[in-house]
Amino acid sequence: MRRLVFVSILFLYSSLYAWTICLDPGHGGSDPGAYGSYYTEKEANLDVGLKAQEFILQIPNVTRVGMTRSTDVSVSLEARVNYANSNGFDRFISIHHNAYNGTVQGTETYCYTYGSSYSFNLRDSTHRELVAAYGYNDRGAKTENFYVLRYTNMPAILGEASFIDYNRTYNESWRFRYNWYAHVERQAYAYARGLAKHLGLYYPSFVCHTNYPDSVNANTNFTVRDSFYVAPHQAPADVVFEIKSYASGTVLYQERVSNLSAGTWIKTFGLNPPISLPDSGRDYLVYFVTYVVPAGGNWNNKYTYVSTRLLPTKVKSTGGVQDTSYIVYKSYPAQVYACSTFTVQESLYIAPSQAPTDLIFEIKHRQSGNVLYSERVSNLSSGYWIKTFGLNPTISLPDSGYDYQVYFLSVLAPPGGGWSNRYTYKSTYSDPTTVRTNPQVDTSYVVFKSYPGTLIGDSAFTVVCSLYVASSQAPADLVFEVKDRNTGEILSSKRIASLSAGYVNLSISDTIPDQGVDKTIYFVGILTPPGGGWSNRYTYGSTYTNPSTLLANSRISYLSYPDTVFFGSVFSVVDTVYVASFQAPADLIVEVKEHSSGITLRSKRYSNLSAGSYRIEFVDTVNYVSLTDTLIHFLSTLVPPGGGWSQRYTYVSTYADPTLVVRTPSVDEGKPLLASDVQIYIRGKELIVKTNKPAENLTLIVHDVMGREVERVEINGEFEKRTYLNVSKGVYFYRLLQANRTVTKGKIVFVD
Amino acid sequence: MVFNLLLLSYLFKLSNFYILVDVKLQSELILSGPKYEGIYLFDVKANSVKKLSEGNAYKLALSPARDRIVYRDYNKVKLLHFDGTERVVAEQPEKVGFPVWVDDTLIAYTYNGEILIVDTLGNLKHSISGVRSYYIDYSPKAKMFAFQEDDQIYLIDWSGNKKKISVEGTCFAPIFSPDGFYVAYSEISKGIYLYNLNLNENFYVSKGSNPCFSSDGSLIAFNISQDDGHNITASEIYVYSVSGKIANKITNTKGISEIRPIFSPDGKRIYFCTPEGQVGYLNFIKFLR
């Protein structure tokens, strides 16, 4: 009865009170305590004490856990006791291990012979847990007059959880040295659990490997079984299991069990999906880590953990080097509700010979093959990856009014590649996911199934949209737009009208005018009521988050070139050039050509122009000895580096408006004008006379077929003379005279 | 330089297990039972032990006039007279710190992050915040409190100005010298340190435990013990000269493990107890050479 009253009072008090505990790892420094062949008592005491501190701090209402030592130092019994007493701790727990002659094993726990009922209760509670932790021989809960039990000013116990020198059927010190199956944590947790039970408080969460291999063959499935306890005050909790490289610490495999309620659990990892570690050509080590975290938490806010790093597992090579990428679906839903979000997680291995690699993830309608969702992860380097799809952006599948099936398809391909040049893929086609309908929901959707990442101005391209038009929204129009991502300007727009209910894949071809510069663009598909637009849309799909690039074409134009040049003079032709990014580098060839024959009189190449705009001035001297014509024209051509006319990207020419070459008087002074120096022709009602050198005393006489003079033109020192002839249509004859010498004569025909 | 002459240690014949807690007068000791349970008055001359209280004797405080004791009874501060009468001076909802005398009329104790100074009727006279500790000491000469907090030692004055004074490590149990110039405290693995308030400096005294100042503040008695991890196997008493900064071993008794030495008020005797619950003393002579 007294015990029951004591427990009741303590329990009532515990939940309100802030408890402080003193832990005392025995021995230390120059005092090793007992010896085991692999570990000393002082080392085991400290390992257990430090872990017990972590656990005890997770007991609710425990606000402080002091340690008489937290490193390997010598501390006298008096100092331990004085430290505990002066700090006013509520409980004192001394941690020791026993030794005899290596043949004895068992658990003992002590309190002071004349201690209070609290001391006895703490002793009994802790002793039960220590015995259960290891399952060793129960040597009893005892009393003794140890100094720390007698001189402490609070209820105190001393635990001897095992004989560290035991080495008959197994080696106890080896178990501590390598923390075999969380040997340290199990004892530490027992102290925490015993204390919590004594105080009537919740004890913390705990995890322990119950079965794991010490070696596995590469590429062979294996499992690891863990047991864990989720404390009520730490529930719901997640448990995360990882396989890590011993050399680098890289996570090779990870699996999370989420939202576990309070209680005891056993979980086998590696059943679905299976665990199989690749063959690297030689043996290597891995270790397992399992940790308990708040729901959704991570390593940084873990409650507790266990690791096999001191006893890693060997992965044995079977002779083959794994140089093949693979994909494994770690988790995906068997069933989802339409319009609800979900995630799919997969683990990958990218072989060095196939890196970098793109990962393409698609969700496809199992019956029609339509792509309902697509995401690409680009340029993955070699190694192990874990990827979760559906976090950002989220995945949500539409409601079609009835249940339907989808499957997940993941493809590893070269950068920018796809299904056709894939390295490997994984699919859940044989194990599809059911999308359950919500009868109240029936929504359309638009998804861009394929679209060009790069397109060229003035060139045609095709975009494929996967649509679903809900029955309640049919018929609907699809408005397809191409927009400038920076300004929002609509560069192109098309409407496909009157789409009926159901699934459809639409191929939309379009051409966007060359914008003069490269631009970032994106595509938008808007489902609207017939004739509707953005403001009354049902839904839309967009490639805004994964835009495309519209490339401008190369172009050349003449900024300036001469209409007339003097023979022997210097002139310049100025080109403005734009070299497209996809045609850079390029050469610009500027040529001077004889107009009538097309013979190249001069040529200059501007090499390796990089992408961008240029102003190029071509300067030359009119000293073309082979020139017989009076006219020349210019030709500018953009070609690949070292290329020529046949490979041209683009060109520009002044052929339609050639340049006149004038022979100067100093060159031809004194020489009579020849017929070849003159051109006479009609343009409309104008009679045009051109000479290639200024000539004196020229007279042009025009007469009709009757010989009657209709016009007389005097030309003195001009290169060109234009005369308007007010004559009726018909045939006329002209004669050009220089000092009564006929230079040339001919016939002209006037037409109205 | 101080040279000490060892005289024989005497052990009292007591039938029970006692811990020496304090020295009331030259020939009257305050003892407690195991785990500091019970407060007893031992008359050395009469060799009689009288139980004063069932209370807990750890760090009880003898008044400056040495006529009363205050001690902590979990959430209460109790005033105990040597005729055995006692009463509650202060009471709080939860555990309070160990009380000390400020003077013969005022008692200080800690509660809920504060030092509360009350009169012997329990009326609150002053409070100083910023003290999370159960263990404090007061110096009327220095007009300061010393306390331990988060394994470090601090000083705080009546205005609440607080200063850390200890070395790095796990420090505890500060005590003022009678003249208020020093604070002695322990570091758990290294031993005893002495802090000089005027110089603002720490001096390492020695490894060992249980430092106790003589009434004139010139000496510190302490003990250095050996143990097997479970029990003390040997211990001897040392005396440290504060001015000379040197410690001398003053016992060398193989059969007796002297611990917790306390000077008598006149400084001529050092009382001690043993791990086995015995109480004894040695006569102490101080020579100057």
Side-chain angles (χ1 to χ4, degrees), chain A residues 13 16-20 24 26-29 31-34 41-42 45 63-64 66-90 92 94 96 110 112-116 119 144-156 158 160, chain B residues 17 19 32-37 56-59 72 74 93-98 110 132-136 147-151 169-174 185-192 207-211 222-233 235 257 259-260 273 275-277:
Chain A
Y13 196 75
L16 305 172
Y17 181 68
W19 295 92
T20 58
D24 175 42
H27 307 280
D31 174 16
E41 183 190 348
K42 69 171 182 175
N45 293 345
T63 56
R64 185 183 176 202
M67 302 283 290
T68 56
R69 69 180 181 98
S70 53
T71 56
D72 183 20
V73 290
S74 299
V75 180
S76 68
L77 292 178
E78 289 190 280
R80 296 168 194 257
V81 160
N82 291 343
Y83 169 75
N85 289 342
S86 64
N87 276 288
F89 289 110
D90 296 302
F92 182 93
S94 189
H96 286 255
Y110 296 89
Y112 177 51
T113 307
Y114 303 103
S116 66
S119 292
E144 252 300 350
N145 297 331
F146 295 137
Y147 186 87
V148 297
L149 299 179
R150 190 155 53 177
Y151 278 82
T152 44
N153 191 34
M154 69 285 296
L158 187 147
E160 306 252 16
Chain B
F17 180 103
I19 300 173
S32 73
K35 295 187 82 71
Y36 298 92
E37 289 172 4
N56 186 284
Y58 178 73
K59 200 172 181 305
R72 176 189 88 167
Y74 194 71
E94 291 183 5
K95 191 164 66 176
V96 300
F98 305 107
T110 58
R132 287 180 297 107
S133 178
Y134 292 113
Y135 193 108
I136 61 173
F147 64 94
Q148 67 187 64
E149 181 181 286
D150 293 335
D151 297 339
T170 303
C171 302
F172 56 93
Y185 62 92
S186 295
E187 198 288 325
I188 200 167
S189 62
K190 296 190 185 71
I192 301 166
K207 66 176 181 178
S209 303
N210 307 308
F222 61 95
N223 67 282
I224 298 178
S225 59
Q226 285 87 47
D227 60 69
D228 61 4
H230 289 80
N231 288 300
I232 290 176
T233 53
S235 182
S257 299
I259 63 173
R260 315 175 80 82
C273 61
E276 295 78 23

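Excluded from the calculations below are hydrogen atoms, water molecules and symmetry mates; all remaining heavy atoms, backbone and side chain alike, are included. Residue numbers begin at 1 in each chain, while the letters A, B, ... track the order of the sequences.
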Charged N-O contact under 4.0 Å between B:Asp151 and A:Arg64: yes

Note: vs chain A, highest number of non-hydrogen pairs under 4.5 angstrom among B:Gly191, B:Gly97, B:Ser209 is B:Ser209

Plane angle bin for A:Tyr151 and B:Tyr36 - parallel if under 30°, tilted between 30 and 60°, otherwise perpendicular: perpendicular

Here the gap from B:Ile232 atom CD1 to A:Ser76 atom OG, rounded to the nearest 0.5 Å, amounts to 7.5 Å

Engaged part of A:Thr20 at the chain B interface, taking heavy atoms whose separation is under 4.5 Å: side chain

In Å, rounded to the nearest 0.5 Å, how long is the span from CG of B:Asp228 to CG of A:Leu77? 7.5 Å

Flag side-chain contact, heavy atom, 4.5 Å: A:Arg150 against B:Phe17: yes

Side chains of A:Tyr17 and B:Lys95: any donor to acceptor distance under 3.5 Å? yes

Under a 4.5 Å heavy-atom cut-off, does chain B meet the side chain of A:Ser70, its backbone, both or neither? neither

Is the closest side-chain heavy-atom distance between A:Tyr147 and B:Ile259 below 4.5 Å? yes

Locate the shortest heavy-atom distance separating B:Lys35 from A:Met154; write the atom from each residue and the value. NZ-O, 2.9 Å

Kindly determine whether B:Thr170 and A:Tyr83 satisfy side chain to side chain contact (heavy atoms under 4.5 Å, CB included), including the steps that lead there. CA-CA 9 Å; B:Thr170 303; A:Tyr83 169 75; 3.3 Å; yes

Counting only non-hydrogen atoms closer than 4.5 Å, does A:Val73 touch chain B with its backbone (N, CA, C, O), its side chain (CB onward), both, or neither? side chain

For B:Glu37 and A:Asn153, does a side-chain donor sit closer than 3.5 Å to a side-chain acceptor? no

Is the closest side-chain heavy-atom distance between B:Tyr134 and A:Ser86 below 4.5 Å? no

Please look at A:Leu158 and chain B and tell me whether the side chain, the backbone, both or neither of the residue comes under 4.5 angstrom of a heavy atom of that chain. side chain

If one checks every heavy atom of B:Ser186 against chain A at 4.5 Å, the contacting part turns out to be neither

Which atoms of B:Asn56 approach chain A - backbone, side chain, both or neither, heavy atom under 4.5 Å: side chain

Over 60° means perpendicular and under 30° means parallel, so classify the ring planes of B:His230 and A:His96, tilted if in between. tilted

Criterion side chain to side chain contact (heavy atoms under 4.5 Å, CB included) on B:Ile188 and A:Arg69, from CA distance to verdict: CA-CA 8 Å; B:Ile188 200 167; A:Arg69 69 180 181 98; over 6 Å; no

Contact class of B:Lys59 relative to chain A, heavy atoms under 4.5 angstrom: neither

Against chain A, work out which of B:Ala57, B:Ser235, B:Ser189, B:Ala173 has the most heavy-atom pairs shorter than 4.5 Å and name it. B:Ser189

Quick one, B:Asn231 and A:Phe146 - any side-chain contact, counting heavy atoms below 4.5 Å? yes

Given side chains that start at C-beta, do those of B:Phe172 and A:Asn82 come closer than 4.5 Å, heavy atoms only? yes

